[in-house]
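Shown next, in structure tokens, is the structure this report addresses.
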Amino acid sequence: MQEIHAVTPWLENLPFDWSPVIEKATKKKMKKHKVVFDQNEQADHLYIVTSGRVRLYLISPNGDEKALAIIGKNGLVGECGFYDEGVYSTSAITASEATLYQIHKEEFRNLLKQHFNLVEQAMFLSTRKYKLLCMQTLQLSYSKAMPRICASLIQLALNYGTTVDQQEIQISITFTHQELANLIGTTRVTVVKTLRLLEDENILIKRNRFYVIKDLEKLTELAHKE
């Protein structure tokens with residue numbers, strides 16, 4: 001299995017093969033901002049994402065939303081309700097037009113017994129999401145917005161970065177200011193101001209739709225600044 005280097009809220013273009021699941025699943029094409037499942041809803045199905053993005057989030061008792069992760073190509077969602085009380089622990093909504101394959105949890109369970117690689121993939125994703133929650137809890141408890149934003153950019157660079165123009169690193173996936181704000185628990189305005197500051201300091205630039213890290217060392221220093 002190909003290694004994925006760092007914990008990041010964007011889990012996209014994963015090196016997984018879900019062919020046995022897709023063969024038994026129902027294809028669903030969904031437009032942007034369509035609910036896949038709701039928190040505390042009866043969890044009867046799991047979903048493989050084959051294109052687009054799905055956002056996982058929690059709703060507080062007073063209705064506030066906390067984004068947890070963006071799941072892209074070859075990701076799995078819905079496993080949060082596979083065991084335990086049989087309800088989904090989070091909500092899921094499409095963050096773009098997406099194609100998903102829906103499979104009943106009992107059918108998925110049978111496939112796990114037949115294909116060990118599916119077990120590995122499901123466990124890998126569950127572990128990655130657990131680490132992500134641990135990291136987010138730590139950051140929200142102890143870090144200000146600037147270090148959290150810088151750390152997120154570094155994680156994206158480690159996972160989706162390509163080296164261009166010698167030392168520059170281009171993040172090869174796109175994301176909105178609001179997506180980043182939701183994932184790290186701050187406001188869109190704060191994200192915009194922080195990214196603009198990083199651009200003013202020549203640490204970060206935006207070329208076309210993609211962000212490019214010009215000075216990874218300075219960005220790392222800011223990520224560890226209290």
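Model, not experiment: these values are computed from the prediction. One-based numbering along the sequence shown.
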Do [X] and [Y] make a side-chain contact, defined as non-hydrogen atoms from C-beta onward lying under 4.5 Å apart?
| X | Y | answer |
| --- | --- | --- |
| L100 | T50 | no |
| L118 | P20 | yes |
| L153 | L198 | yes |
| I70 | F175 | no |
| V21 | F108 | yes |
| R128 | Y130 | no |
| L195 | I149 | yes |
| T162 | I169 | no |

Check whether any side-chain N or O of T194 sits under 3.5 Å from a backbone N or O of M146 as a donor-acceptor pair, and report yes or no.
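Such a contact is absent between T194 side chain and M146 backbone.
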Just by modelled atom types, is the Y160 backbone N or O under 3.5 Å from a matching donor or acceptor in the S172 side chain?
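Present.
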[X] and [Y]: which non-hydrogen atoms are nearest, and at how many Å?
| X | Y | answer |
| --- | --- | --- |
| L112 | V119 | O-CG2, 3.4 Å |
| G81 | A43 | O-CB, 3.5 Å |
| S152 | I184 | OG-CG2, 3.3 Å |
| L180 | W10 | CD1-CH2, 3.6 Å |
| V49 | G72 | CB-O, 3.4 Å |
| C80 | S89 | O-OG, 3.3 Å |

Calculate, to the nearest 0.5 Å, the distance between atoms [atom1] and [atom2] belonging to [X] and [Y] respectively.
| X | Y | atom1 | atom2 | result |
| --- | --- | --- | --- | --- |
| D17 | H115 | CG | NE2 | 10.0 Å |
| L125 | E120 | CG | CD | 12.0 Å |
| L11 | I71 | CG | CD1 | 4.5 Å |
| L46 | I103 | CG | CD1 | 8.0 Å |
| Q170 | N208 | CD | CG | 8.0 Å |
| S19 | N117 | OG | CG | 9.0 Å |

Would you list the pairs meeting salt bridge (Lys or Arg N to Asp or Glu O under 4.0 Å) in which at least one residue belongs to [range], sequence neighbours left out?
| range | answer |
| --- | --- |
| residues 45-55 | E12-R53, R53-E179, R55-E65 |
| residues 190-204 | none |
| residues 86-112 | E106-R109 |
| residues 71-82 | E79-K129 |

Hey, quick one: are L197 and V189 part of the same hydrophobic cluster, counting side-chain heavy atoms closer than 4.5 Å, chains of contacts allowed?
no
Is there a path from I203 to V192 through hydrophobic residues (I, L, V, M, F, W, Y) whose side chains come within less than 4.5 Å of each other?
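I203 does not cluster with V192.
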With [X], which residues qualify under side chain to side chain donor-acceptor pair (under 3.5 Å), at least two apart?
| X | value |
| --- | --- |
| T190 | T187 |
| S51 | T99 |
| Y88 | none |
| T174 | none |

Side-chain donor/acceptor pairs under 3.5 Å, residues 23-42, sequence neighbours excluded:
unit_1	atom_1	unit_2	atom_2	d
Q39	OE1	I59	N	2.8
E41	OE1	D38	N	2.9
Q42	NE2	G86	O	3.3

Can you give each donor-acceptor pair under 3.5 Å made by side-chain atoms of residues 210-219, sequence neighbours left out, with the distance rounded to 0.1 Å?
unit_1	atom_1	unit_2	atom_2	d
Y211	OH	H177	NE2	3.2
K214	NZ	E168	OE2	2.7
D215	OD1	E217	N	3.3
D215	OD1	K218	N	3.0

Step-by-step side chain to side chain donor-acceptor pair (under 3.5 Å) determination, N110 to Q114
CA-CA 7 Å; N110 291 334; Q114 301 170 36; 6.0 Å; no
Return the set of residues passing ring-ring contact (aromatic ring centres under 6.0 Å, His included) with Y101 (not counting sequence neighbours), or none when no residue passes.
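Listed in chain order: nothing, the list is empty.
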Is the F16 ring parallel, tilted or perpendicular to the W18 ring (thresholds 30°, 60°)?
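Geometry flag for W18 against F16: perpendicular rings.
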Quick check: are there more than 12 heavy atoms from other residues, nucleotides or ligands sitting under 6.0 Å from CZ of R209?
no
With sequence neighbours excluded, tell me which residues meet side-chain contact (heavy atoms from CB on, under 4.5 Å) with A122.
L76
